[in-house]
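Have a look at the structure below before the remarks.
The chains referred to below are lettered A, B, ... by the order of the sequence lines, with proteins before strands, and numbering in each begins at 1.
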Amino acid sequence: MMKSIADKLERQLPRLVLAPTVLAIMVFVYGFILWTAWVSFTNSTLLPKYEFQGFFQYVKLFGNDRWWVACQNLAIFGSLFIFICIALGLLLAILLDQRIRCEGAIRAVYLYPMALSFIVTGTAWKWMLNPSLGLERLMHQFGFTGFTFDWLVNSEMSIYTVVIAGVWQSTGFVMAMFLAGLRGIDDAIIQAAQVDGAGLPRIYRCIIIPSLRPVFFSSIIILSHIAIKSFDLVVALTSGGPGYSSDLPATFMYAFAFNRNRLGFGAASAMVMFGAVMGIIVPYLYSELRGKKHA
Amino acid sequence: MAALKIENIYKKFGSVEVLKGISLDVASGEFLVLVGPSGCGKSTLLNLIAGLETVSAGSIMIGDRVVNDISPKDRDIAMVFQSYALYPNMNIRKNLSFGLETRKMPKAQIQEIVQKVSTLLQIQNLLDRKPSELSGGQRQRVAMGRALARNPKVFLFDEPLSNLDAKLRVEMRTEIKRLHQRINTTIVYVTHDQIEAMTMADRIAIMKDGIVQQFDTPENVYDNPSNRFVAGFIGSPSMNFMPAKVGIDAGQAFLIMDTGNGRSHKLTVPREISPLAPWNDREVIFGIRPEQITEDTKRSRETGKNNIINCEVQVVEPTGPDTLVFIQLNGVEVTCRVHPAAARRPGETMALQVDMSKAIFFHPETGERI
Ligand SMILES: Nc1ncnc2c1ncn2[C@@H]1O[C@H](COP(=O)(O)OP(=O)(O)O)[C@@H](O)[C@H]1O
Ligand SMILES: [Mg+2]
């Protein structure tokens, strides 16, 4: 009798232990996704209202200039950020892979930015790029008085400062991934190619880089989700300014939902972002899981 | 003409000297096997020949050129790696043609060569697959095909069969040998497997600790090993070594063997092989191969000059064609190879005939041949 209760308990124990986490995730992640979806179909302002109003928030959203600036910025930021991070990360990884001295130290230097939060990165770059404090002033002090670098306060260019800071932060991580990929390649393959008469550029172009395809794939996925959810970097670096010239969808959503008390409108933009992220993540997970089954 | 000539090569990695003065010359069309235990520097030597590493001292000649400062691609060699090292992102056709494309060979000619090589190695139906879709044996063939396609002056093989299972290894061994007879190109083949070395080689170089111990034909290496290491390394089951005291009686050398139970026996050494004169009353290492200790037959009694010992059988291992019988002589275990029908059971006493005409002797300290 006692034994069967103990048995039962033992069988149920894992479920009991996991239950609070599962419950919390169900409520605070999936529950609130559904809640946001509902709110996006209402005319909520400061406080949520629950009567269904159809798609009018979405219609307004897609008619909003500022939203399109944010989307365009995301496209610029996302594509440049991903492209430069991968190009630079791959280049650094290849250089580091040449068995140079103090590799460990150099690798650590490139990886350290990863340990900072985007807020710190943003703030540091804000100072460095500020025309009256940072780089421009420094160059003036060196005597290059003609030097100007005012991207931070130039509404045409401000989004590119976000790219600079983002790249600075994430390149080291991409480099580490590529370095691991490069180290995973059998030395004999490179030797075989040398004996086959290929020079180093051809070896990299035809053999090594093509066989890093999985690393490219993971990098793009990881970087694109960093790009889409970028929020803190913009807030710390430009606060979306000058004006709203460097807004991203995430800062747009925050500004409308919480600063301008248009909860329903903010929720609609959040749902559009959610859809975009799912569009990237779902095919990725699908191919990953399918790949596992094959292996 | 020598296709490959290696003169007094040294190689250091940092302060570690891996190769210590290697000299070899390989005739055109010859099949040279470098054999030795793991870590003795075989791959390093092969990489030096290929130009993947640079020598610390000494010179390498391929054909009539010194190639010390020539890059791998201009040395006119092709190499087959232990891990096969196929290009993972390319299909088999591309793997075969990559080296030719790098050399800017016309397309039509490349196609012709790929066709020829893949037919020769029977991999025509694999051409559109990726290396990851091939079995070990098929990858091995592709790796050889990639080398063959280049038609180089010297082929280098680095333990190409060691990742295959035993049966396939034996098959590929024969196949490589047949291939060599067909194309007749110089081959330098590295292995740690002495059977591969014995079966494939025209000449064998046995290496240990970065030094060539002996460089000779398989027959000579087997019958006339230059030291105890070579004698023990070549041959399976391995040669028997036992310490034995030399006696000389009326100009005739003999060895005193303790056959157990306090009995001893004098094995006479044929005069023509007896370099033992200076060793009277001293101990040497007596080496004899298992097949030279066999059952006592009538014929052997006539020719054997009374070198018959009676010993207690300790262990019996049937191998099929022969049975291995283990006995004790001078306190060490000795393997004898006898006809299965003649083998006695453990614990019984067996009369064994020792063929002393092929006995060899080693210095007890240096291990050098006496
Ligand atoms: N690149 C290297 N750096 C340092 N030591 C090496 C290097 N390559 C080989 N060695 C050393 O040289 C010795 C011989 O290696 P190797 O030629 O690969 O042996 P084998 O092929 O006979 O098993 C080993 O002790 C190995 O540790
Ligand atoms: Mg090796």
Side-chain angles (χ1 to χ4, degrees), chain A residues 86-87 89-91 93-94 97-104 174 177-221 287-295, chain B residues 43-44 46-53 70-91 94-105 110 130-133 139 142-160 163:
Chain A
I86 287 184
L90 179 61
L91 182 72
I94 289 176
D97 194 37
Q98 309 301 314
R99 314 223 172 275
I100 53 170
R101 264 184 297 170
C102 5
E103 184 201 308
V174 178
M177 293 217 299
F178 275 112
L179 194 59
L182 288 171
R183 290 286 151 84
I185 294 176
D186 184 2
D187 276 346
I189 291 177
I190 296 162
Q191 296 182 333
Q194 280 177 326
V195 172
D196 257 350
L200 260 193
R202 186 165 153 85
I203 293 176
Y204 273 103
R205 194 160 43 82
C206 296
I207 297 166
I208 297 180
I209 293 176
S211 52
L212 290 177
R213 226 178 65 167
V215 185
F216 277 97
F217 196 60
S218 319
S219 306
I220 289 174
I221 293 295
S287 74
E288 277 286 282
L289 295 178
R290 211 182 45 160
K292 289 257 166 58
K293 229 177 272 164
H294 271 269
Chain B
S43 298
T44 305
L46 211 61
N47 287 347
L48 290 175
I49 299 173
L52 298 168
E53 304 269 4
I70 293 179
S71 73
K73 66 177 175 12
D74 298 320
R75 289 196 180 191
D76 207 4
I77 45 127
M79 191 157 172
V80 178
F81 294 83
Q82 179 173 4
S83 57
Y84 314 136
L86 301 180
Y87 309 130
N89 55 309
M90 302 180 188
N91 65 18
K94 196 88 204 307
N95 262 282
L96 295 179
S97 63
F98 182 76
L100 307 176
E101 282 166 18
T102 310
R103 278 153 221 272
K104 309 256 183 309
M105 189 182 271
I110 292 180
K130 285 277 177 70
S132 57
E133 297 163 345
R139 285 180 211 187
V142 175
M144 289 198 334
R146 186 172 61 185
L148 279 176
R150 295 256 321 281
N151 192 23
K153 195 168 278 162
V154 180
F155 279 115
L156 307 174
F157 286 81
D158 192 356
E159 309 213 15
N163 287 345

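- Note that the CD atom of B:Glu101 and the SG atom of A:Cys206 stand 8.5 Å from one another [nearest 0.5 Å].
- Of the two parts of B:Leu86, only the backbone, made up of N, CA, C and O, holds a non-hydrogen atom closer than 4.5 Å to a non-hydrogen atom of chain A.
- For B:Lys73, the NZ atom sits in a loose shell: 12 or fewer heavy atoms of surrounding residues, nucleotides or ligands are nearer than 6.0 Å.
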Begin with the C-alpha distance, continue with both residues' side-chain angles, and end with the deciding distance and a verdict on side-chain contact (heavy atoms from CB on, under 4.5 Å) for B:Arg75 and A:Val195. CA-CA 9 Å; B:Arg75 289 196 180 191; A:Val195 172; over 6 Å; no
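- Under the 3.5 Å distance criterion, the side-chain polar atoms of B:Asn89 are left unmatched by any main-chain donor or acceptor of A:Ile208.
- Of all heavy-atom pairs spanning A:Ala193 and B:Tyr87, the tightest one is CA-OH, 3.2 Å.
- Residues A:Ala188 and B:Ser83 come closest through the heavy atom pair CB-OG, 3.7 Å.
- The candidate from B:Thr102, B:Leu156, B:Asp74 with the greatest count of non-hydrogen atom pairs under 4.5 Å with chain A is B:Thr102.
- If you measure heavy-atom distances from B:Gln82 to chain A, you find no contacts under 4.5 Å at all.
- Using a 4.5 Å cut-off between heavy atoms, B:Phe81 touches chain A through its side chain atoms alone.
- Under the 4.0 Å criterion applied to side-chain N and carboxylate O atoms, A:Asp196 and B:Arg150 are assigned as salt-bridge partners.
- More than 12 non-hydrogen atoms from other residues, nucleotides or ligands lie less than 6.0 angstrom from CZ of B:Arg103.
- Inter-residue side-chain proximity for B:Leu52 and A:Gln194 is flagged as met; some heavy-atom pair is nearer than 4.5 Å.
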